[in-house]
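Just below is one structure, and these are the notes that go with it.
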Amino acid sequence: QGRIEIEDFGLRYKTPTGFTEAVTGVSLTVEPGEFVSIIGPSGCGKSTMLNALAGFLKPTSGSVRVDGKPVDGPGADRGMIFQQYSLFPWKTVRQNVEFGLKMKGVEAAERQRQARTLLGLAGLSQFEDHYPEALSGGMKQRVGIVRALATGPRILLLDEPFGALDAQTRLIMQQILTNMWQRLKISVLFVTHDIDEAIFLSDRVYVMTARPGSIKAEIAVPLARP
Ligand code: ADP
Ligand code: ADP
């Protein structure tokens, strides 16, 4: 479980003067457990595609399927992480992580147990009672990853998650993400404009053309991971 199939995907936005064609004719797949990156110039539609996969946008043409089913709105099978941290400022780190589990109706003791396990994996145990404002950018993004994984999604979608971080923090975050991916055996679709990062982290990399984006090349990465 955790297969992504995008077939001949196109999406255009309605604008006051007409339409903006953001993406056209994109086909790609992510096999269960695979780590796949998408790179391409700014504005080629990478975010648009991730948002369609997350269920926030509907394709104008083609299809977006997860485990054989067309995506129809957001769901617990997909976790999403954005560049800007989207933590609840009025909740502690652990409460942020528990939020999705609470929505799913998981009872308090079990929520706490699951949140603590994941926070431990991400090296956040000593921060569980902190509020987001007390954390650095890298730490907030770490909490964001843990929160996205808390409900046990089979797929993690990341939209330039480390773009705003300094080089050293970025390296740590890459290691944490790789670690989570290997332990939890999830599928990852990772958007970045950094080709080094894409090649370093991924099994395969899709390269997109400038807007309207479509697939230009597919690179298999034979190198060993960190
Ligand atoms: P990327 O993530 O690759 O930078 P985006 O998916 O953000 O690209 O944007 C693709 C294209 O669609 C860009 O030309 C962008 O300006 C346009 N676009 C994005 N969101 C909207 C929107 N809500 N309304 C109109 N045009 C949009
Ligand atoms: P990114 O390149 O990381 O996708 P952008 O700065 O292009 O970020 O877009 C940020 C937000 O603005 C997105 O939610 C996108 O949908 C929206 N957006 C981008 N371009 C346009 C546009 N031309 N019209 C309206 N909204 C847009």
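As the structure lists them, so they are numbered: ligands from 1, and atoms in each ligand from 1. Remember, it's a predicted structure, so these values are computed and weren't measured experimentally. All residue numbers in this chain count up from 1 along the given sequence.
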Ligand-residue contact atoms, ligand 1 with [X], heavy atoms, under 4.0 Å:
| X | answer |
| --- | --- |
| S47 | 1 (P), 2 (O), 6 (O), 7 (O) |
| T48 | 5 (P), 6 (O), 9 (O), 10 (C) |
| C44 | 1 (P), 3 (O), 8 (O) |
| G45 | 1 (P), 3 (O), 5 (P), 6 (O), 8 (O), 10 (C) |

Would you check the N or O atoms of [X], main chain and side chain alike, for any that come under 3.5 Å of an N or O of ligand 1?
| X | result |
| --- | --- |
| K46 | yes |
| A22 | no |
| R211 | yes |

More than 12 heavy atoms from other groups under 6.0 Å of [atom1] on [X]:
| X | atom1 | answer |
| --- | --- | --- |
| E110 | CD | yes |
| Q126 | CD | yes |
| D72 | CG | no |

| query | Under 4.0 angstrom from ligand 1, any heavy atom of G40? | reply |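 Not so, G40 does not reach ligand 1.
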
| said: Taking the basic N atoms (NZ, or NE/NH1/NH2) and the acidic carboxylate oxygens, is any pair closer than 4.0 Å for E7 and R65? | reply: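 Salt bridge present between E7 and R65.
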
| task | Report the C-alpha separation of D77 and K69 in whole Å, then their side-chain angles, then the decisive distance to 0.1 Å, and conclude whether the salt bridge (Lys or Arg N to Asp or Glu O under 4.0 Å) test is met. | result | CA-CA 12 Å; D77 55 343; K69 278 185 294 195; over 6 Å; no

| field | Gap between atom OG of S86 and atom NZ of K140 - 0.5 Å precision | value |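 If I round to the nearest 0.5 Å, the distance is 11.5 Å.
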
